[in-house]
> 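Structure provided below as C-alpha coordinates; questions to follow.
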Amino acid sequence: MSADASDLSLVRRVQRGDKGAFDALVLKYQHKLVKLVMRYVRNPAEAEDIAQEAFIKAYRALPQFRGDSAFYTWLYRIAINTAKNAVVSRDRSPIEYDLDRNNEESYDMQGRLKDSETPEGLVLTDEIRSTVNAAIDALPEDLRTAIVLRELEGLSYEEIAAAMACPVGTVRSRIFRAREAIDRRLREVFEGGLGRAEELG
Amino acid sequence: MNEELDSQLSAMFDDELAPGECELLARRLSRDEQLKARWGRYAVIGGAIRSERGVRLNAPLAGLVSAVILAEPALATAHGARRAGVRWWQPVAAAAVAAGVAAVSVLWLRAQAPLAAAPLSARLTAPTATVPAAAVVPAAAAGAPDSYVVPRTPAVRATVVVPSTELANYVVAHSVFSSPVTRRNLLSAFMTGESGTAAEEPRDDAQGNVQ
(Lines give C-alpha, C1' and ligand atoms only; values in the text may rest on other atoms or scores of the structure.)
Protein backbone atom coordinates (compact mmCIF):
# COMPACT_ATOMS: atom_id res chain seq x y z
CA MET A 1 0.00 0.00 0.00
CA SER A 2 1.45 3.36 -0.90
CA ALA A 3 0.17 6.69 0.31
CA ASP A 4 -1.28 8.91 -2.39
CA ALA A 5 -1.48 6.01 -4.87
CA SER A 6 -5.12 6.76 -5.61
CA ASP A 7 -4.48 10.43 -6.30
CA LEU A 8 -1.46 9.58 -8.40
CA SER A 9 -3.40 7.11 -10.52
CA LEU A 10 -6.04 9.78 -11.15
CA VAL A 11 -3.37 12.39 -11.88
CA ARG A 12 -1.69 10.10 -14.42
CA ARG A 13 -5.00 9.62 -16.16
CA VAL A 14 -5.53 13.38 -16.38
CA GLN A 15 -2.01 13.79 -17.73
CA ARG A 16 -2.88 11.30 -20.45
CA GLY A 17 -5.87 13.44 -21.43
CA ASP A 18 -8.69 11.95 -19.31
CA LYS A 19 -10.58 14.99 -18.04
CA GLY A 20 -13.07 12.85 -16.14
CA ALA A 21 -10.36 11.80 -13.71
CA PHE A 22 -9.85 15.42 -12.71
CA ASP A 23 -13.51 15.65 -11.66
CA ALA A 24 -12.80 12.94 -9.09
CA LEU A 25 -9.89 14.94 -7.70
CA VAL A 26 -12.02 18.09 -7.48
CA LEU A 27 -14.85 16.20 -5.76
CA LYS A 28 -12.43 14.75 -3.26
CA TYR A 29 -10.64 17.96 -2.32
CA GLN A 30 -13.11 20.81 -2.93
CA HIS A 31 -14.25 21.08 0.68
CA LYS A 32 -10.74 20.89 2.06
CA LEU A 33 -9.56 23.54 -0.35
CA VAL A 34 -12.41 25.94 0.38
CA LYS A 35 -11.76 25.49 4.09
CA LEU A 36 -8.09 26.27 3.49
CA VAL A 37 -8.82 29.40 1.44
CA MET A 38 -11.24 30.59 4.14
CA ARG A 39 -8.17 31.49 6.19
CA TYR A 40 -7.43 34.27 3.72
CA VAL A 41 -10.76 35.65 2.57
CA ARG A 42 -13.90 36.75 4.34
CA ASN A 43 -16.78 34.99 2.72
CA PRO A 44 -17.45 31.45 1.47
CA ALA A 45 -18.49 32.61 -2.01
CA GLU A 46 -15.13 34.30 -2.51
CA ALA A 47 -13.34 31.27 -1.10
CA GLU A 48 -15.16 29.08 -3.61
CA ASP A 49 -14.11 31.39 -6.46
CA ILE A 50 -10.49 31.21 -5.36
CA ALA A 51 -10.67 27.45 -4.91
CA GLN A 52 -12.13 27.16 -8.40
CA GLU A 53 -9.29 29.26 -9.79
CA ALA A 54 -6.77 27.12 -7.91
CA PHE A 55 -8.23 23.92 -9.37
CA ILE A 56 -8.07 25.32 -12.88
CA LYS A 57 -4.48 26.46 -12.36
CA ALA A 58 -3.63 23.01 -11.04
CA TYR A 59 -5.20 21.38 -14.08
CA ARG A 60 -3.17 23.55 -16.44
CA ALA A 61 0.02 22.89 -14.47
CA LEU A 62 -0.51 19.13 -14.20
CA PRO A 63 1.88 18.30 -17.07
CA GLN A 64 4.66 19.63 -14.83
CA PHE A 65 3.55 17.58 -11.81
CA ARG A 66 5.96 14.66 -11.48
CA GLY A 67 4.64 13.12 -8.29
CA ASP A 68 7.65 14.09 -6.14
CA SER A 69 5.20 15.30 -3.50
CA ALA A 70 1.65 14.25 -2.71
CA PHE A 71 -0.95 15.71 -5.04
CA TYR A 72 -2.79 17.46 -2.23
CA THR A 73 0.44 19.07 -0.97
CA TRP A 74 1.03 20.43 -4.45
CA LEU A 75 -2.58 21.57 -4.77
CA TYR A 76 -2.39 23.14 -1.31
CA ARG A 77 0.54 25.34 -2.40
CA ILE A 78 -1.27 26.45 -5.53
CA ALA A 79 -4.37 27.33 -3.50
CA ILE A 80 -2.38 29.29 -0.92
CA ASN A 81 -0.60 31.29 -3.61
CA THR A 82 -3.85 31.93 -5.45
CA ALA A 83 -5.51 33.11 -2.25
CA LYS A 84 -2.59 35.41 -1.37
CA ASN A 85 -2.54 36.88 -4.87
CA ALA A 86 -6.29 37.43 -4.73
CA VAL A 87 -5.96 39.23 -1.42
CA VAL A 88 -3.11 41.41 -2.68
CA SER A 89 -4.85 42.23 -5.94
CA ARG A 90 -7.95 43.33 -4.05
CA ASP A 91 -5.80 45.32 -1.68
CA ARG A 92 -7.01 43.55 1.38
CA SER A 93 -5.26 42.32 4.43
CA PRO A 94 -5.40 38.56 4.83
CA ILE A 95 -7.65 37.50 7.64
CA GLU A 96 -6.46 34.37 9.40
CA TYR A 97 -9.37 32.42 10.77
CA ASP A 98 -8.55 30.11 13.59
CA LEU A 99 -10.13 26.85 12.54
CA ASP A 100 -9.23 25.11 15.73
CA ARG A 101 -12.23 23.08 16.76
CA ASN A 102 -11.83 24.24 20.34
CA ASN A 103 -12.37 27.84 19.34
CA GLU A 104 -16.14 28.11 19.36
CA GLU A 105 -16.06 31.88 19.00
CA SER A 106 -14.31 31.56 15.66
CA TYR A 107 -16.90 29.06 14.48
CA ASP A 108 -19.73 31.33 15.49
CA MET A 109 -18.21 34.24 13.61
CA GLN A 110 -17.81 32.18 10.48
CA GLY A 111 -21.32 30.87 10.85
CA ARG A 112 -22.69 34.43 11.03
CA LEU A 113 -20.66 35.49 8.00
CA LYS A 114 -21.94 32.51 6.11
CA ASP A 115 -25.50 33.22 7.17
CA SER A 116 -25.36 36.70 5.75
CA GLU A 117 -23.68 35.63 2.53
CA THR A 118 -25.45 32.47 1.46
CA PRO A 119 -28.44 31.55 3.61
CA GLU A 120 -29.72 28.97 1.13
CA GLY A 121 -26.36 27.28 1.05
CA LEU A 122 -26.28 27.17 4.81
CA VAL A 123 -29.73 25.59 5.05
CA LEU A 124 -28.76 22.89 2.59
CA THR A 125 -25.43 22.32 4.24
CA ASP A 126 -27.05 22.14 7.65
CA GLU A 127 -29.52 19.59 6.37
CA ILE A 128 -26.70 17.49 4.95
CA ARG A 129 -24.76 17.78 8.17
CA SER A 130 -27.69 16.81 10.38
CA THR A 131 -28.50 13.87 8.12
CA VAL A 132 -24.93 12.61 8.31
CA ASN A 133 -24.82 13.05 12.08
CA ALA A 134 -28.12 11.21 12.51
CA ALA A 135 -26.85 8.38 10.32
CA ILE A 136 -23.64 8.15 12.35
CA ASP A 137 -25.61 8.02 15.60
CA ALA A 138 -27.61 5.11 14.22
CA LEU A 139 -24.49 3.11 13.34
CA PRO A 140 -23.32 0.12 15.41
CA GLU A 141 -20.49 1.07 17.75
CA ASP A 142 -17.69 -0.63 15.78
CA LEU A 143 -18.69 1.04 12.50
CA ARG A 144 -19.09 4.45 14.14
CA THR A 145 -15.70 4.23 15.82
CA ALA A 146 -13.99 3.18 12.59
CA ILE A 147 -15.47 5.98 10.45
CA VAL A 148 -14.89 8.64 13.10
CA LEU A 149 -11.27 7.59 13.63
CA ARG A 150 -10.77 7.77 9.89
CA GLU A 151 -12.59 10.98 9.00
CA LEU A 152 -12.22 13.00 12.18
CA GLU A 153 -8.84 11.85 13.46
CA GLY A 154 -7.34 11.07 10.06
CA LEU A 155 -5.88 7.73 11.16
CA SER A 156 -4.70 5.20 8.61
CA TYR A 157 -6.33 1.77 8.39
CA GLU A 158 -3.32 0.26 10.12
CA GLU A 159 -3.56 2.71 13.01
CA ILE A 160 -7.28 2.10 13.33
CA ALA A 161 -6.66 -1.66 13.31
CA ALA A 162 -4.19 -1.23 16.17
CA ALA A 163 -6.61 1.00 18.08
CA MET A 164 -9.55 -1.35 17.62
CA ALA A 165 -7.50 -4.55 17.95
CA CYS A 166 -8.72 -6.04 14.69
CA PRO A 167 -7.25 -6.87 11.26
CA VAL A 168 -6.79 -4.15 8.63
CA GLY A 169 -9.27 -5.95 6.37
CA THR A 170 -11.94 -5.65 9.07
CA VAL A 171 -11.25 -1.91 9.34
CA ARG A 172 -11.66 -1.53 5.60
CA SER A 173 -14.94 -3.41 5.73
CA ARG A 174 -16.26 -1.42 8.70
CA ILE A 175 -15.45 1.92 7.13
CA PHE A 176 -17.07 0.87 3.88
CA ARG A 177 -20.21 -0.33 5.64
CA ALA A 178 -20.40 2.86 7.67
CA ARG A 179 -20.10 4.96 4.53
CA GLU A 180 -22.74 2.90 2.77
CA ALA A 181 -25.18 3.35 5.67
CA ILE A 182 -24.60 7.12 5.76
CA ASP A 183 -24.71 7.36 1.97
CA ARG A 184 -28.14 5.70 1.88
CA ARG A 185 -29.52 8.46 4.11
CA LEU A 186 -27.66 11.13 2.21
CA ARG A 187 -29.02 9.96 -1.14
CA GLU A 188 -32.52 10.36 0.24
CA VAL A 189 -31.75 13.99 1.04
CA PHE A 190 -30.21 14.67 -2.36
CA GLU A 191 -32.91 12.90 -4.29
CA GLY A 192 -35.59 14.41 -2.13
CA GLY A 193 -35.03 17.99 -3.20
CA LEU A 194 -31.45 19.15 -2.80
CA GLY A 195 -30.53 17.76 -6.18
CA ARG A 196 -27.53 15.57 -6.70
CA ALA A 197 -26.67 17.44 -9.87
CA GLU A 198 -26.33 20.69 -7.95
CA GLU A 199 -24.28 19.06 -5.24
CA LEU A 200 -21.94 17.15 -7.44
CA GLY A 201 -21.89 19.58 -10.30
CA MET B 1 -23.95 -1.73 -7.68
CA ASN B 2 -21.22 -4.28 -7.05
CA GLU B 3 -20.40 -4.30 -3.33
CA GLU B 4 -16.77 -5.27 -3.89
CA LEU B 5 -16.37 -2.35 -6.28
CA ASP B 6 -17.87 0.05 -3.73
CA SER B 7 -15.60 -1.36 -1.05
CA GLN B 8 -12.61 -0.71 -3.30
CA LEU B 9 -13.90 2.81 -3.96
CA SER B 10 -14.09 3.47 -0.23
CA ALA B 11 -10.54 2.19 0.28
CA MET B 12 -9.29 4.21 -2.68
CA PHE B 13 -10.90 7.33 -1.25
CA ASP B 14 -8.80 6.76 1.89
CA ASP B 15 -5.59 6.06 -0.10
CA GLU B 16 -5.67 2.52 1.24
CA LEU B 17 -6.02 0.62 -2.02
CA ALA B 18 -3.12 -1.17 -3.72
CA PRO B 19 -1.62 0.85 -6.61
CA GLY B 20 -2.54 -1.77 -9.21
CA GLU B 21 -6.18 -1.75 -8.14
CA CYS B 22 -6.10 2.04 -8.03
CA GLU B 23 -5.10 2.14 -11.69
CA LEU B 24 -8.05 0.01 -12.72
CA LEU B 25 -10.54 1.80 -10.50
CA ALA B 26 -9.30 5.25 -11.54
CA ARG B 27 -10.07 4.37 -15.13
CA ARG B 28 -13.59 3.29 -14.20
CA LEU B 29 -14.12 6.25 -11.88
CA SER B 30 -13.30 8.75 -14.59
CA ARG B 31 -16.00 7.29 -16.86
CA ASP B 32 -18.72 6.01 -14.54
CA GLU B 33 -20.91 8.94 -13.46
CA GLN B 34 -22.72 6.87 -10.83
CA LEU B 35 -19.42 5.86 -9.25
CA LYS B 36 -18.21 9.46 -9.42
CA ALA B 37 -21.37 10.65 -7.65
CA ARG B 38 -20.79 8.11 -4.89
CA TRP B 39 -17.16 9.28 -4.62
CA GLY B 40 -18.42 12.86 -4.28
CA ARG B 41 -20.83 11.83 -1.52
CA TYR B 42 -17.98 10.15 0.36
CA ALA B 43 -16.28 13.56 0.33
CA VAL B 44 -19.46 15.20 1.60
CA ILE B 45 -19.69 12.65 4.44
CA GLY B 46 -16.11 13.42 5.45
CA GLY B 47 -16.77 17.15 5.33
CA ALA B 48 -19.92 16.79 7.43
CA ILE B 49 -18.17 14.62 10.05
CA ARG B 50 -15.34 17.14 10.32
CA SER B 51 -17.93 19.93 10.63
CA GLU B 52 -16.14 22.05 8.06
CA ARG B 53 -17.87 25.27 8.94
CA GLY B 54 -17.85 28.03 6.40
CA VAL B 55 -17.81 25.40 3.66
CA ARG B 56 -20.92 24.79 1.62
CA LEU B 57 -21.22 21.05 1.26
CA ASN B 58 -23.53 21.50 -1.70
CA ALA B 59 -21.45 24.11 -3.52
CA PRO B 60 -21.44 23.64 -7.30
CA LEU B 61 -17.65 24.01 -7.38
CA ALA B 62 -16.91 20.69 -9.08
CA GLY B 63 -19.43 21.42 -11.83
CA LEU B 64 -17.96 24.87 -12.49
CA VAL B 65 -14.40 23.54 -12.66
CA SER B 66 -15.52 20.71 -14.90
CA ALA B 67 -17.25 23.15 -17.28
CA VAL B 68 -14.10 25.27 -17.61
CA ILE B 69 -11.89 22.23 -18.15
CA LEU B 70 -14.23 20.74 -20.75
CA ALA B 71 -13.72 23.84 -22.86
CA GLU B 72 -9.95 23.36 -22.79
CA PRO B 73 -7.91 20.89 -24.87
CA ALA B 74 -7.03 17.62 -23.16
CA LEU B 75 -3.67 17.75 -21.42
CA ALA B 76 -2.05 15.05 -23.55
CA THR B 77 -2.97 16.98 -26.71
CA ALA B 78 -2.04 20.38 -25.35
CA HIS B 79 1.20 19.13 -23.89
CA GLY B 80 2.03 17.26 -27.10
CA ALA B 81 1.46 20.40 -29.16
CA ARG B 82 3.63 22.40 -26.78
CA ARG B 83 6.37 19.81 -27.04
CA ALA B 84 6.11 19.76 -30.84
CA GLY B 85 6.46 23.54 -30.80
CA VAL B 86 9.79 23.41 -29.06
CA ARG B 87 11.04 20.26 -30.77
CA TRP B 88 12.51 22.02 -33.85
CA TRP B 89 15.55 23.30 -31.98
CA GLN B 90 16.44 19.94 -30.47
CA PRO B 91 18.17 18.47 -33.60
CA VAL B 92 19.98 21.76 -34.14
CA ALA B 93 21.23 21.73 -30.56
CA ALA B 94 22.23 18.07 -30.84
CA ALA B 95 24.15 18.76 -34.05
CA ALA B 96 25.88 21.73 -32.43
CA VAL B 97 26.90 19.63 -29.43
CA ALA B 98 28.17 16.84 -31.70
CA ALA B 99 30.18 19.30 -33.80
CA GLY B 100 31.66 20.84 -30.67
CA VAL B 101 32.67 17.45 -29.31
CA ALA B 102 34.24 16.49 -32.63
CA ALA B 103 36.19 19.77 -32.80
CA VAL B 104 37.46 19.35 -29.25
CA SER B 105 38.45 15.75 -29.98
CA VAL B 106 40.44 16.74 -33.09
CA LEU B 107 42.22 19.54 -31.23
CA TRP B 108 42.95 17.23 -28.33
CA LEU B 109 44.32 14.54 -30.63
CA ARG B 110 46.58 17.07 -32.36
CA ALA B 111 47.90 18.22 -29.01
CA GLN B 112 48.46 14.62 -27.90
CA ALA B 113 50.11 13.35 -31.14
CA PRO B 114 53.83 14.06 -30.26
CA LEU B 115 53.42 12.49 -26.82
CA ALA B 116 51.74 9.45 -28.27
CA ALA B 117 54.50 8.98 -30.82
CA ALA B 118 57.37 9.11 -28.30
CA PRO B 119 56.84 5.87 -26.39
CA LEU B 120 56.00 4.05 -29.55
CA SER B 121 59.25 5.02 -31.25
CA ALA B 122 61.13 4.14 -28.05
CA ARG B 123 59.53 0.74 -28.02
CA LEU B 124 60.21 0.20 -31.65
CA THR B 125 63.83 1.26 -31.43
CA ALA B 126 64.59 -1.26 -28.73
CA PRO B 127 64.92 -4.36 -30.93
CA THR B 128 67.12 -2.57 -33.42
CA ALA B 129 69.24 -0.73 -30.84
CA THR B 130 72.17 -3.04 -31.46
CA VAL B 131 72.71 -1.68 -34.90
CA PRO B 132 73.37 2.02 -34.04
CA ALA B 133 75.09 1.11 -30.74
CA ALA B 134 77.76 -0.73 -32.60
CA ALA B 135 78.37 2.34 -34.72
CA VAL B 136 78.44 4.92 -31.87
CA VAL B 137 80.56 3.18 -29.19
CA PRO B 138 83.77 2.95 -31.17
CA ALA B 139 83.58 6.67 -31.99
CA ALA B 140 83.26 7.62 -28.29
CA ALA B 141 86.11 5.37 -27.38
CA ALA B 142 88.32 7.09 -29.90
CA GLY B 143 87.79 10.43 -28.13
CA ALA B 144 86.26 11.98 -31.17
CA PRO B 145 84.08 15.08 -30.75
CA ASP B 146 80.48 14.53 -29.72
CA SER B 147 78.34 13.42 -32.53
CA TYR B 148 74.75 12.38 -32.71
CA VAL B 149 73.74 9.58 -34.92
CA VAL B 150 70.10 9.27 -35.67
CA PRO B 151 69.26 5.68 -36.49
CA ARG B 152 67.71 5.64 -39.89
CA THR B 153 65.56 2.55 -39.69
CA PRO B 154 63.56 3.41 -36.51
CA ALA B 155 62.91 6.93 -37.74
CA VAL B 156 61.50 5.60 -40.95
CA ARG B 157 59.38 3.06 -39.09
CA ALA B 158 58.10 5.70 -36.68
CA THR B 159 56.81 7.79 -39.52
CA VAL B 160 55.04 4.71 -40.80
CA VAL B 161 53.53 3.57 -37.49
CA VAL B 162 52.65 6.85 -35.75
CA PRO B 163 49.64 7.59 -37.93
CA SER B 164 48.28 4.19 -36.87
CA THR B 165 48.69 5.24 -33.23
CA GLU B 166 46.91 8.46 -33.92
CA LEU B 167 44.22 6.49 -35.62
CA ALA B 168 43.96 4.13 -32.66
CA ASN B 169 43.72 7.04 -30.23
CA TYR B 170 41.15 8.68 -32.42
CA VAL B 171 39.07 5.51 -32.65
CA VAL B 172 39.16 5.05 -28.90
CA ALA B 173 38.23 8.68 -28.27
CA HIS B 174 35.62 8.66 -30.96
CA SER B 175 34.06 5.38 -29.85
CA VAL B 176 32.41 7.21 -26.97
CA PHE B 177 30.34 9.22 -29.42
CA SER B 178 30.02 6.94 -32.44
CA SER B 179 27.35 4.32 -33.03
CA PRO B 180 28.37 0.67 -32.53
CA VAL B 181 28.07 -0.05 -36.28
CA THR B 182 30.32 2.83 -37.24
CA ARG B 183 32.73 1.97 -34.45
CA ARG B 184 32.97 -1.61 -35.64
CA ASN B 185 33.68 -0.45 -39.20
CA LEU B 186 36.39 1.91 -38.01
CA LEU B 187 37.91 -0.73 -35.81
CA SER B 188 37.78 -3.24 -38.65
CA ALA B 189 39.52 -0.78 -40.93
CA PHE B 190 42.05 -0.04 -38.24
CA MET B 191 42.68 -3.72 -37.56
CA THR B 192 43.08 -4.38 -41.26
CA GLY B 193 45.56 -1.52 -41.47
CA GLU B 194 47.37 -2.78 -38.40
CA SER B 195 47.51 -6.34 -39.64
CA GLY B 196 48.86 -4.98 -42.91
CA THR B 197 51.53 -3.09 -41.03
CA ALA B 198 52.20 -6.07 -38.82
CA ALA B 199 52.56 -8.22 -41.88
CA GLU B 200 55.08 -5.82 -43.22
CA GLU B 201 57.06 -5.59 -39.98
CA PRO B 202 58.63 -9.05 -40.12
CA ARG B 203 59.70 -8.22 -43.61
CA ASP B 204 61.34 -5.02 -42.34
CA ASP B 205 62.98 -6.99 -39.53
CA ALA B 206 64.07 -9.54 -41.99
CA GLN B 207 65.54 -6.80 -44.06
CA GLY B 208 67.25 -5.39 -40.99
CA ASN B 209 68.71 -8.75 -40.15
CA VAL B 210 69.92 -9.10 -43.64
CA GLN B 211 71.57 -5.73 -43.38
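In what follows, chains are A, B, ... by sequence order, proteins preceding strands, each numbered from 1.
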> Do Arg13(A) and Glu23(B) sit within salt-bridge range, that is, some charged N less than 4.0 Å from a carboxylate O?
no
> Quick one, Phe176(A) and Gln8(B) - any side-chain contact, counting heavy atoms below 4.5 Å?
no
> With no hydrogens and no angle check, is any side-chain donor or acceptor of Ser6(A) less than 3.5 Å from a backbone partner on Met12(B)?
yes
> Which of these passes side-chain contact (heavy atoms from CB on, under 4.5 Å) with Leu27(A): Phe13(B), Trp39(B), Tyr42(B)?
Trp39(B)
> Identify the heavy atoms of Val26(A) and Ala62(B) that sit nearest to each other, and give their distance.
CG1-CA, 3.6 Å
> Can you tell me how far the CD1 atom of Ile136(A) sits from the CD1 atom of Ile49(B), to the nearest 0.5 Å?
3.5 Å
> If the test is side-chain hydrogen bond (donor to acceptor under 3.5 Å, both in side chains), which one of His31(A), Gln30(A), Glu48(A) qualifies with Arg56(B)?
Glu48(A)
> If you count heavy-atom pairs under 4.5 Å between each of Gln52(A), Arg177(A), Lys32(A) and chain B, which one has the most?
Gln52(A)
> Just verifying a value: how many Å separate Phe22(A) CZ and Ser30(B) OG, rounded to the nearest 0.5 Å?
13.5 Å
> Can you tell which of Asp183(A), Val37(A), Val132(A) has the highest number of heavy-atom pairs within less than 4.5 Å of chain B?
Asp183(A)
> Counting distance only, does the side-chain N/O of Lys36(B) pair as donor-acceptor with the main-chain N or O of Ala21(A) below 3.5 Å?
no
> Can you tell if the side chain of Ser10(B) reaches within under 4.5 Å of the side chain of Ile175(A), non-hydrogen atoms only?
yes
> Out of Ser7(B), Ala67(B), Cys22(B), return the one with the most heavy atom pairs under 4.5 angstrom to chain A.
Ser7(B)
> Do Arg41(B) and Glu180(A) sit within salt-bridge range, that is, some charged N less than 4.0 Å from a carboxylate O?
no
> Within this structure, what is the OG1-CG distance for the pair Thr125(A) and Leu57(B), rounded to the nearest 0.5 Å?
4.5 Å
> Determine the minimum heavy-atom distance between Ala26(B) and Leu10(A), stating which atoms define it.
CB-CD2, 3.8 Å
> Can I get a per-line list of side-chain donor-acceptor pairs under 3.5 Å for residues 150-158 of chain A, giving both atom names and the distance, sequence neighbours left out?
unit_1: Arg150(A); atom_1: NE; unit_2: Asp14(B); atom_2: OD1; d: 3.1
unit_1: Arg150(A); atom_1: NH1; unit_2: Leu155(A); atom_2: O; d: 2.9
unit_1: Glu151(A); atom_1: OE1; unit_2: Arg50(B); atom_2: NH1; d: 2.8
unit_1: Glu151(A); atom_1: OE2; unit_2: Arg179(A); atom_2: NH2; d: 2.9
unit_1: Ser156(A); atom_1: OG; unit_2: Glu159(A); atom_2: N; d: 3.2
unit_1: Ser156(A); atom_1: OG; unit_2: Glu159(A); atom_2: OE1; d: 3.3
unit_1: Tyr157(A); atom_1: OH; unit_2: Asp14(B); atom_2: OD2; d: 2.5

> Nearest heavy-atom pair of Asp15(B) and Asp7(A): which atoms, and what distance?
OD1-N, 3.9 Å
> Among Val68(B), Ile69(B), Leu70(B), single out the residue with the greatest number of heavy-atom pairs under 4.5 Å to chain A.
Ile69(B)
> Can you tell me how far CZ of Phe55(A) sits from CG of Leu64(B), rounded to the nearest 0.5 angstrom?
12.0 Å
> Determine, stepwise, if the pair Glu72(B) / Lys19(A) fulfils salt bridge (charged side-chain N to carboxylate O under 4.0 Å, His left out).
CA-CA 10 Å; Glu72(B) 299 205 354; Lys19(A) 295 177 181 178; over 6 Å; no
> Taking atom CZ of Arg27(B) as the centre, report whether more than 12 heavy atoms of other residues, nucleotides or ligands fall under 6.0 Å from it.
no
> Check whether any side-chain N or O of Lys28(A) sits under 3.5 Å from a backbone N or O of Gly40(B) as a donor-acceptor pair, and report yes or no.
no
> Under the side-chain hydrogen bond (donor to acceptor under 3.5 Å, both in side chains) rule, what pairs show up with a residue in residues 69-80 of chain A, not counting sequence neighbours?
none
